[in-house]
Q: 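Before we start, here is the structure in question, set down as structure tokens.
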Amino acid sequence: MIEFSRSQKEIQKAAREFAVGEFDREAILEMEKRREFPEAQWKKAAELGFIGITFPESFEGGGSGLFDACIVAETFCRKDSSMGSALMSADFGCECFARFANGDLKAGYLSAVARGETLSTAAYIETLQDGPVSTIQTTAVRDGNDWVINGYKRYVVNADKAGCLIVLCAAGSEPVLILIDSEREGVEVRDVGKRLGGNMAPVSDVEFRNVRVPDANLIGGEPGLGLRQLKAVIDERRIRAAAEAVGIARGAFDRALAYVKQREQFGRKLSAFQITRHKIADMAVKIESARLFAYHTAALFDKGRADSTQIAIAKMTASKAAVEVCDEAIQLLGGYGYMTEQDVERFFRDAKTNQITLGTVHSHKDDVAGAVIGPKRRRP
Amino acid sequence: MIEFSRSQKEIQKAAREFAVGEFDREAILEMEKRREFPEAQWKKAAELGFIGITFPESFEGGGSGLFDACIVAETFCRKDSSMGSALMSADFGCECFARFANGDLKAGYLSAVARGETLSTAAYIETLQDGPVSTIQTTAVRDGNDWVINGYKRYVVNADKAGCLIVLCAAGSEPVLILIDSEREGVEVRDVGKRLGGNMAPVSDVEFRNVRVPDANLIGGEPGLGLRQLKAVIDERRIRAAAEAVGIARGAFDRALAYVKQREQFGRKLSAFQITRHKIADMAVKIESARLFAYHTAALFDKGRADSTQIAIAKMTASKAAVEVCDEAIQLLGGYGYMTEQDVERFFRDAKTNQITLGTVHSHKDDVAGAVIGPKRRRP
Amino acid sequence: MNIIQYTEDHHRFRERLKVFLAREVTPYADQWESERMVPREIWRKMGREGFLCPSVPQEYGGLGGDYRYALIVSEEMSHTWITGLAAPLHSDIIVPYIQSFGSEAQKRKYLPGCVSGDIVTAVAMTEPDAGSDLAGMKTTGVADGDDIIINGSKTFISNGVLCDLVIVAATDPAVENKHQSISLYIVDAGTPGFDKGKKLDKMGWHSQDTSELFFNNCRIPASNRLGQPGGGFLMLMEKLQQERLTCALGGVAAAERICEYTLESCRKIEINGKPLIKQQAVQFALVEMSADIKVGRTFMEKLVEDHVEGLNIIVETSMAKYWATDLPNRIADRCLELLGDYGTLESNPIARARRDARVMSIFAGTNEIMKNIAAKFMGM
Amino acid sequence: MNIIQYTEDHHRFRERLKVFLAREVTPYADQWESERMVPREIWRKMGREGFLCPSVPQEYGGLGGDYRYALIVSEEMSHTWITGLAAPLHSDIIVPYIQSFGSEAQKRKYLPGCVSGDIVTAVAMTEPDAGSDLAGMKTTGVADGDDIIINGSKTFISNGVLCDLVIVAATDPAVENKHQSISLYIVDAGTPGFDKGKKLDKMGWHSQDTSELFFNNCRIPASNRLGQPGGGFLMLMEKLQQERLTCALGGVAAAERICEYTLESCRKIEINGKPLIKQQAVQFALVEMSADIKVGRTFMEKLVEDHVEGLNIIVETSMAKYWATDLPNRIADRCLELLGDYGTLESNPIARARRDARVMSIFAGTNEIMKNIAAKFMGM
């Protein structure tokens with residue numbers, strides 16, 4: 001139901017052509033198995049302007065809105081869930097640069113990320129999960145003109161490759177985001193092994209031991225804004241994640257639809273069975289819903305009018321749709337659906353991981369309820 | 001997430017004021033129990049321009065788009081599901097007048113309906129249900145300058161009161177819509193008793209025995225267009241039904257939210273329990289989804305770009321959301337939820353009836369699958 | 001294997017009951033529903049034929065049967081499509097309090113009448129401000145010499161209008177610990193200060209006389225207390241297992257009837273010449289519902305045998321109550337979707353069954369309370 | 001009541017198996033998963049200790065036990081979190097063909113090896129173009145003197161690489177009626193013309209060697225046919241009840257392990273100092289999952305006893321196969337949501353269990369086929 005403008009259709013076309021040309025299935029299967037970030041495709045994507053789409057043009061970005069970034073995310077993930085998500089992760093955290101950091105920091109990193117010279121990432125999870133935490137164990141202490149950081153962050157996307165990490169710390173009682181270059185002494189990346197999905201943008205734990213960075217690395221220049229800044233990052237990423245989910249769902253749907261139109265059982269095409277048809281209809285409905293939420297929210301965001309609750313709803317809905325559509329795609333493909341070479345099992349794993357990343361279902365519901373009812377108080 | 005323009009907000013405000021002023025709960029409970037169409041409120045609504053909103057101004061209509069009609073439907077049904085749906089049913093079938101009938105027929109009826117002098121309705125179901133049927137048993141035979149109609153239609157909304165019926169007939173092998181005034185000889189309305197919901201716009205069966213109407217009562221003036229015309233009526237009504245569903249869901253949500261914020265159990269407000277909060281969040285998400293679909297589709301319709309598949313998806317989604325939200329509202333209110341005086345049980349019944357009317361879940365899925373996959377063929 | 005260990009006596013009982021219900025109840029179901037009351041005489045007829053309180057010992061006029069009779073009554077009564085004749089409530093939930101905790105004098109005085117149907121019983125726990133939360137109970141029972149004076153009001157009391165005897169839970173304000181302050185009292189209809197409120201209008205169970213009860217300085221002899229002073233909480237806890245199980249029996253039986261009726265309807269109803277049941281999607285829906293019912297029935301039957309054995313199955317009965325009462329709701333909703341407009345007519349039993357089923361997940365402790373209990377006893 | 005009627009022998013068997021698995025299997029599960037194969041030696045160890053084919057009569061080296069042993073093996077193996085060591089497939093699905101339909105010579109030749117683990121078996125029904133549809137089978141078995149010549153290819157064959165013996169379904173092109181044209185043949189590994197394809201990469205069951213099998217003028221003696229010529233279809237039908245039931249056992253056991261592990265994890269994991277299990281929404285999720293599992297287990301246990309009794313329970317086993325294999329999928333998805341990012345790590349068993357569970361609703365006849373069968377045998 002979402003209608004694209006002419007220029008948006010062009011972005012979509014360019015993204016589709018890139019994906020068709022560069023996303024080689026055999027190579028992807030290997031990379032996914034070995035948990036490799038798609039180095040070569042990333043460089044090319046950056047060259048063509050698919051990385052840093054929303055960065056200001058003055059820092060070699062695309063100067064586009066989030067809506068356009070969502071088109072690219074959907075298109076890439078539709079062609080391949082693992083590759084698409086990985087490429088879209090290349091500039092994770094930069095949202096916060098672009099919006100809150102001072103000129104020097106921007107100049108230092110935004111262009112490098114946009115050019116595909118380095119990856120950025122954000123490190124903010126300490127407990128199980130649950131997005132931003134209210135009790136931050138990682139500390140940042142002033143020492144002369146430096147910050148000294150100590151702590152342990154979990155599930156940091158691309159931590160093994162990223163040149164810069166945006167790290168959530170407690171400076172005394174003030175939450176702050178601090179930029180840490182990965183080559184700083186005391187930064188140690190710890191492998192956490194394979195995950196269910198998302199393996200082309202692998203996560204690691206990161207330990208910070210007396211890591212020293214200059215004062216200027218404090219994002220925004222004054223303490224106390226860290227959680228607000230992080231929320232802005234997460235909000236923007238959640239909309240992108242919703243668009244990725246739409247793409248993943250459509251990719252699985254494409255494959256399932258092609259299969260049921262061609263496969264015969266009991267002398268009929270699978271697509272002639274009412275139950276298959278209803279499954280396809282259910283999938284189509286879920287995809288419509290996911291798309292409507294993702295793009296509608298992106299459009300509001302670009303107008304400056306998307307609030308966190310709407311964003312959480314969009315992400316929940318789209319990622320749930322993707323999981324269900326991919327799951328049904330596996331079922332429709334039967335034994336073939338379970339085989340790695342048919343993609344849909346990987347799409348499912350990526351969809352399920354997408355659903356959990358950036359906030360679980362329960363934490364989203366807590367957030368939505370908080371917005372509707374007001375905060376939870378135990379005893380009135 | 002849907003944003004209204006200033007003039008749309010004014011329509012909403014006017015509808016809300018009318019509903020607050022005129023929808024008396026005690027009176028509604030009585031009318032619903034006795035299956036009465038809300039005569040007085042209908043007259044007033046017509047006076048204020050809430051009936052025939054989409055009719056051309058030249059026929060005393062509002063000259064508005066469907067989007068605006070949806071605002072009124074949502075607002076009315078949010079205040080009261082039974083009353084709202086009943087008022088919105090007053091001009092059922094007129095869509096087809098407005099779009100397909102010649103000037104004389106329009107002049108004869110549109111204005112009367114818009115002024116609240118008579119109700120219109122459409123009679124098209126013969127078998128179990130399933131919207132338009134491909135095999136029509138009701139016949140229209142030419143005799144001189146007249147049509148002679150014989151047949152039996154089921155589940156005709158407001159048949160006992162409507163002044164004119166738009167009737168789907170087979171003229172030989174051609175499907176036609178014919179207008180039949182209810183006073184014509186041979187039109188017999190048969191009571192089918194109470195229904196689960198929708199009882200303020202009661203349905204009846206209608207038998208036509210040698211009913212004679214002039215040639216001019218053929219809608220559109222030439223045979224063969226009946227099914228296409230009916231489809232247009234149904235499409236438009238489905239969008240309205242989606243908006244009604246949104247209103248029903250929001251009305252139940254309002255009541256549930258108020259209850260959980262005020263009711264205490266185990267020394268806490270119900271709204272402090274995480275499980276209550278998650279239910280409220282789930283309901284809010286469903287309502288957002290329903291609204292998004294309903295208004296998005298209405299906007300596309302007004303631009304002439306909504307197709308039947310999108311409309312079916314919107315109606316399915318919104319009415320399912322309404323059923324689930326109302327069901328959860330009953331549960332949240334506990335014993336009170338089961339009592340008639342607390343409204344939500346009636347909202348549920350109206351929502352479930354709304355879901356089934358104008359096409360069941362299965363027929364919607366058949367339609368969506370048909371659009372996605374192509375028609376079903378048994379043996380390739 | 002047959003899980004339930006029926007004897008010949010059980011089978012004969014069932015056969016006699018079947019005949020009785022077909023003759024004395026089923027033909028009047030619609031009438032009683034519209035009269036919103038079952039006649040007192042049907043209780044007497046049922047009692048005289050030996051179908052009430054089969055577990056009461058023979059010395060008090062009962063059969064001295066086991067709990068398996070409850071299953072038989074529940075199953076056979078579900079065929080009548082009438083819930084208002086609440087024999088299971090009387091026989092398996094209320095009267096057992098007198099059986100288990102009554103003094104010899106109380107048993108001699110009341111049990112024969114309960115068995116013969118001359119005494120219709122009610123139990124009054126729920127209050128306007130205290131639903132599932134016993135600690136919130138406000139009705140007081142205060143000793144005054146050899147009497148007890150009861151003050152307060154109760155609501156949602158089944159058999160509230162017809163009842164000749166009500167077991168009232170009341171708290172002694174002098175005892176601080178709520179768990180030790182509640183006593184149960186037998187109050188006879190007609191006792192000064194005990195007033196029955198008006199029948200409450202509700203979604204379903206129309207033939208059931210649910211009402212409020214008021215106690216205004218209602219004086220009863222202390223000998224009307226069941227068991228020890230302050231023993232009410234423990235007595236209630238002890239009887240809840242059977243109460244919940246009785247609800248589960250009702251839930252499964254209702255689901256079975258709804259599904260059977262729908263299945264048979266789907267054989268008869270044709271769309272364009274093809275019986276509904278020949279549609280694959282309809283078949284799948286019926287199979288899925290039947291499977292859920294079979295699975296639920298097996299669980300319920302096992303618990304009946306466990307209960308007869310005297311096992312403590314508090315976690316399982318809490319689960320069974322919620323699982324088996326959600327079942328008919330879910331199934332009725334789905335059956336309505338299959339039957340379309342036809343299903344919404346109150347002239348066929350599905351619409352009524354849907355309305356009747358809805359309270360099952362609320363009464364006898366809402367299904368949320370059941371989950372809380374299970375969580376607690378699972379050590380969470 | 002205990003539904004399953006275990007003897008002391010059963011209990012002792014379980015205890016010995018528990019010790020064996022803890023020592024010989026569980027410690028190696030991760031290694032075998034990453035090696036994508038279980039060692040041949042573990043089959044021998046399991047066999048020598050008496051854990052394979054417990055239902056084979058003692059005269060052929062087995063225990064002569066009943067089907068309850070299958071339940072024990074299935075349950076105990078689920079604790080190892082490894083699916084690749086497919087003892088239930090071997091013991092309860094494949095070898096029974098030889099037991100039931102083999103000639104005395106075939107039984108003497110093969111059964112002792114099957115019991116001792118020296119012979120690992122596979123069954124080859126599915127073909128690239130014929131999944132659930134036996135009538136679409138293309139592999140041929142044509143008599144040539146005293147020999148049979150087999151041509152065709154099979155796919156998705158579990159134990160395909162390790163197997164020493166495969167039971168191949170092949171059709172005689174001379175027989176028109178497909179139901180009378182299929183025969184089952186025993187083909188030994190190493191027979192000229194029988195080639196094993198490469199291991200297939202799949203979503204889960206990584207330690208299971210699933211592969212294609214190719215038959216290219218593979219000549220075997222006619223004495224390797226099981227039973228009568230053309231009897232294959234009936235033999236398959238006869239054995240499907242046990243096959244489906246075995247899947248149901250596996251489904252319930254897998255769901256139990258997943259839920260238990262998650263429950264324990266929720267006790268340990270804290271968010272901001274509060275264990276996850278203290279969140280009400282988490283408790284409800286765990287209770288709901290536990291209830292579904294208990295309900296499913298009870299049904300499955302009843303069917304095990306019915307099967308041991310020799311009852312025809314085709315409708316119920318079809319239902320159980322789908323219900324109990326959907327179960328671990330649904331539950332694993334929900335557990336992943338509870339555990340968040342942590343759950344997605346392959347270093348804890350939930351991610352693997354999710355991947356492993358996914359095939360259960362596909363293998364041994366997809367769950368859609370199960371519903372078709374149930375519908376057919378319910379007379380739809």
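Within every chain, numbering begins at 1; the chains are lettered A, B, ... in the order of the sequence lines, protein sequences first and strands thereafter.
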Q: Hey, are D/Lys268 and D/Glu264 close enough for a salt bridge, meaning a charged N less than 4.0 Å from a carboxylate O?
A: no
Q: So which part of C/Ser290 gets closer than 4.5 Å to some heavy atom of chain D, the side chain, the backbone, both or neither?
A: both
Q: With a 4.0 Å cut-off on N to O distance, would you call D/Glu368 and D/Lys371 a salt bridge?
A: no
Q: Look at D/Met300, D/Arg297, D/Lys302, D/Met370 and state which one has the largest set of heavy-atom pairs under 4.5 Å with chain C.
A: D/Lys302
Q: Does any backbone or side-chain atom of D/Glu301 lie under 4.5 Å from a heavy atom of chain C? Answer side chain, backbone, both or neither.
A: neither
Q: If you count heavy-atom pairs under 4.5 Å between each of C/Glu305, C/Met378, C/Met380 and chain D, which one has the most?
A: C/Met380
Q: Between D/Leu263 and chain C, which part of the residue has a heavy atom less than 4.5 Å away: side chain, backbone, both or neither?
A: side chain
Q: C/Val359 versus C/Thr83: any side-chain heavy-atom pair under 4.5 Å?
A: no
Q: Do you know the tightest heavy-atom contact between D/Trp323 and D/Gly296?
A: CZ3-CA, 3.6 Å
Q: Tell me, for D/Glu288 versus chain C, whether the close heavy atoms (under 4.5 Å) come from the side chain, the backbone, both or neither.
A: both
Q: With a 4.5 angstrom heavy-atom cut-off, which part of D/Arg267 approaches chain C: side chain, backbone, both or neither?
A: side chain
Q: Would you call C/Arg330-C/Asp333 a salt bridge at under 4.0 Å N-O?
A: no
Q: Using a cut-off of under 4.5 Å on heavy-atom pairs, state which of C/Lys294, C/Glu316, C/Gln280 scores highest against chain D.
A: C/Lys294
Q: Using heavy-atom distances under 4.5 Å, tell me whether C/Lys278 contacts chain D through its side chain, its backbone, both, or neither.
A: side chain
Q: Contact part of D/Leu311 toward chain C, heavy-atom cut-off under 4.5 Å: side chain, backbone, both or neither?
A: side chain
Q: Can D/Glu260 and D/Arg257 be counted as an ion pair, charged N to O under 4.0 angstrom?
A: yes
Q: At a heavy-atom distance under 4.5 Å, which candidate from C/Ile3, C/Ile313, C/Val282, C/Val295 has the highest pair count against chain D?
A: C/Val295
Q: Which pair of non-hydrogen atoms, one from D/Gln242 and one from D/Pro96, has the smallest distance, and what is that distance?
A: NE2-CG, 4.0 Å
Q: Using non-hydrogen atoms only, which part of C/Glu309 is less than 4.5 Å away from chain D: side chain, backbone, both, or neither?
A: side chain
Q: Minimum heavy-atom separation for D/Cys259 to D/Cys335, with atom names?
A: CA-SG, 4.4 Å
